Amino acid sequence: MNAATQTQPDRRIRVLLAKPGLDGHDQGAKVVARAMMDAGFEVIYTGLRQTPEGITRIALDEDVDVIAMSSMAGSHLPFCRKLRPLLLEAGLGDKLWLIGGNLPQQDHAALRELGFKGIFPTGSKLDAIADYIRENVA
Amino acid sequence: MNDRSQPQIRTVMNESGIEVQPRYTAADVEASGGWNMVGEAGEYPFTRGIHKLMYRKQPWTMRQYAGFGNPSETNQRFKYLIANGQTGLNVAFDLPTQIGLDSDDPLAEGEVGRVGMAVDTLRDFEIAFDGIDLNKITVSLTINGAAAILIAMYLAMAEKRGYDVKTLRGTAQNDILKEFVGRGTWIYPVEPSIRLVGDTIEYCAEHAPKYSPVSVCGYHIRESGATPAEEMAYAFCIARAYADDVIRRGLDVDEFAGRLSYNFNIFGNLFEQVCKFRAGRGLWARIMKEEYQAKQPGSMWLRMIAAGGGGGLTFEQPELNIVRGAYYALISALSGTQTMALCSYDEAYTIPTEYSARISLRTMQILIEEMGLTERARRHRQAHRQRRDPGPRIGPGLPDAARHRVGQVSQGRGEPLSQRNRGRTPGRIPSAQRGRRAHPDRVAEQGARRARRRSRAGRAGARGRRREIRGQPDAGHRRGGQGLRQCRRDHQGNDPGLRALPGTDPLLSAPSTIEE
């Protein structure tokens, strides 16, 4: 349990769900957001076209446990490379970082190396995402 | 136990919420307005088609969506598709171009050339269309937020090459309201965005009368979770918003309505899809004639591009998408579309390769060459049956459902303008989408279960197949950004923005991993 959940035992797991980059395909993110709410988490959805700086700031301001991104248009690796140092600098390295969307197999290792431990490509089950968050937010 | 005197049949409800009867009779036709609601092909209200002879006179235009990387790569793909029998071009632009950013904008980093062609300058257009006869091949520009600028670039490129803009045919998507409702790629707020669309319609009415300045998209609204009836309803409401803007400028409806066109989606129940188009043609014709007092038949025509939507495709067992695509093309032909752009089987996880794009093209060609879809002027055969029967089932219900939704949408419950101005998009669309996502692929799921029962190696086999498909040779995936560098060289000295681009972008050489 992290400090926040220890001091507030009733506090729900907080998930930041972000849409990085210029793409407007947000149906996947919205479906996941609803499923995470149904799973009992508090979800903060950023809306479209977020920058790495913007995502970092929202994650800090909202004191989230999970930083999740939905990427559909192929810019996930360059974006995560820019996001990683900003999150670390902001002291968010101990949060759970997830990414989902159109993520080809050959990029998964690189995403993991960048610190995105949970990778949920197209076809992932909603329950699997919720279970992963429950098991790994500690 | 079954009661033999009263057989129990299951209730069938289609996606638009209309109960489907097991059979329809002449009484149903009468109840839905009678034969006048159908009419002959080529005659008001054009339910059976906007042209009398349809495909007998000319098959549908085949216009696969293509474009990626730099203009030279896109030019190669265009030429490949034309060499394989494609009769129109449908240009995909990358997201920075769609949002009006130069390729060297910090926000564009990682997105240049990914989901379409990068266009920064007129030179890019000249490279992309080099060697292509713009009188023989009509070009559709899939661009919305930046459409006014790219239409100007296209016409300027054509003029520079000696074409007469007065006779140049082509289409721009230029439908900004569906971006607010369903796709998310807008630049300006709603009101000035509509004004820009109105500007392009007004300009084309006067200077480029053969050019279609707008293709109103039910397509993306359907992809965002709308039912088929809602797809039609939102599209018509959006078209009315543009028409109202242009009429307020003093133009007569018949001066521009004949160049409005539509882009619709096909996936889901075959009969419901075909009926959607028949109902939609009749409804649009009545809206134009009765509400807008259009006089020219052309102003009442629902001219459309329609074919497979990516929303019906699945990542699992992608080869099944080839089968789906063939049915979508059949539906499209049965629906009397003017143009087809068929989805490719790999669209669920990447930009279509040359290989998959060719399969889609051949699928459409099989309908023409082998299946006889262009032999008869009217496909839902048979006027006599039509008179007894509303034709494809659910015919009577769908216009009412769509009209009802048009009413709801325009009376503010889902009106794109006012909703957006209040800062929210219609709530129904994502919720409908969620139900679909919960069961993304029943066919694949059931098939996979059966395969697992048969063999423990089933999963490994599926993975192996996917790799094999990914590995198809595709010249288009050799990305190097050469064209952009070429462009930078060409412009060095007169365009400081382009000079600032990094010399080599390793991101551009990565394999593409895009959805449309």
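Proteins get letters first, then strands, A, B, ... in listed order; numbering begins at 1 in each. What you are looking at is a predicted structure, and each value in this text was computed from that prediction instead of being measured.
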| task | Measure the spacing between CD of B:Glu223 and CD of A:Gln27 and express it to the nearest 0.5 Å. | result | 9.5 Å
| query | Does CG in A:Leu88 sit with more than 12 non-hydrogen atoms of other residues, nucleotides or ligands closer than 6.0 Å? | reply | yes
| query | Going from CZ on B:Arg183 to CG on A:Asp23, what distance comes out if it is rounded to the nearest 0.5 angstrom? | reply | 8.0 Å
| task | Without swapping roles, check the side chain of B:Glu111 against the backbone of A:Leu22 for a donor-acceptor pair under 3.5 Å. | result | yes
| said: Looking at every heavy atom in both B:Leu95 and A:Ala73, which two are closest together, and how far apart are they? | reply: CD1-CB, 3.8 Å
| Contact class of A:Thr51 relative to chain B, heavy atoms under 4.5 angstrom | side chain
| request: Heavy-atom distances under 4.5 Å only: say whether B:Ile99 touches chain A with side chain, backbone, both or neither. | output: side chain
| request: Kindly give the heavy-atom pair with the smallest separation between B:Gly110 and A:Ser75, and that separation in Å. | output: O-CB, 3.5 Å
| request: Could you tell me which non-hydrogen atom of B:Tyr349 sits nearest to which non-hydrogen atom of A:Asn102, and how far apart they are? | output: O-OD1, 3.3 Å
| query | Side chain, backbone, both or neither: which part of B:Pro96 has a heavy atom under 4.5 Å from chain A? | reply | both
| field | A:Lys82 versus chain B, the contacting section by heavy-atom distance below 4.5 Å | value | side chain
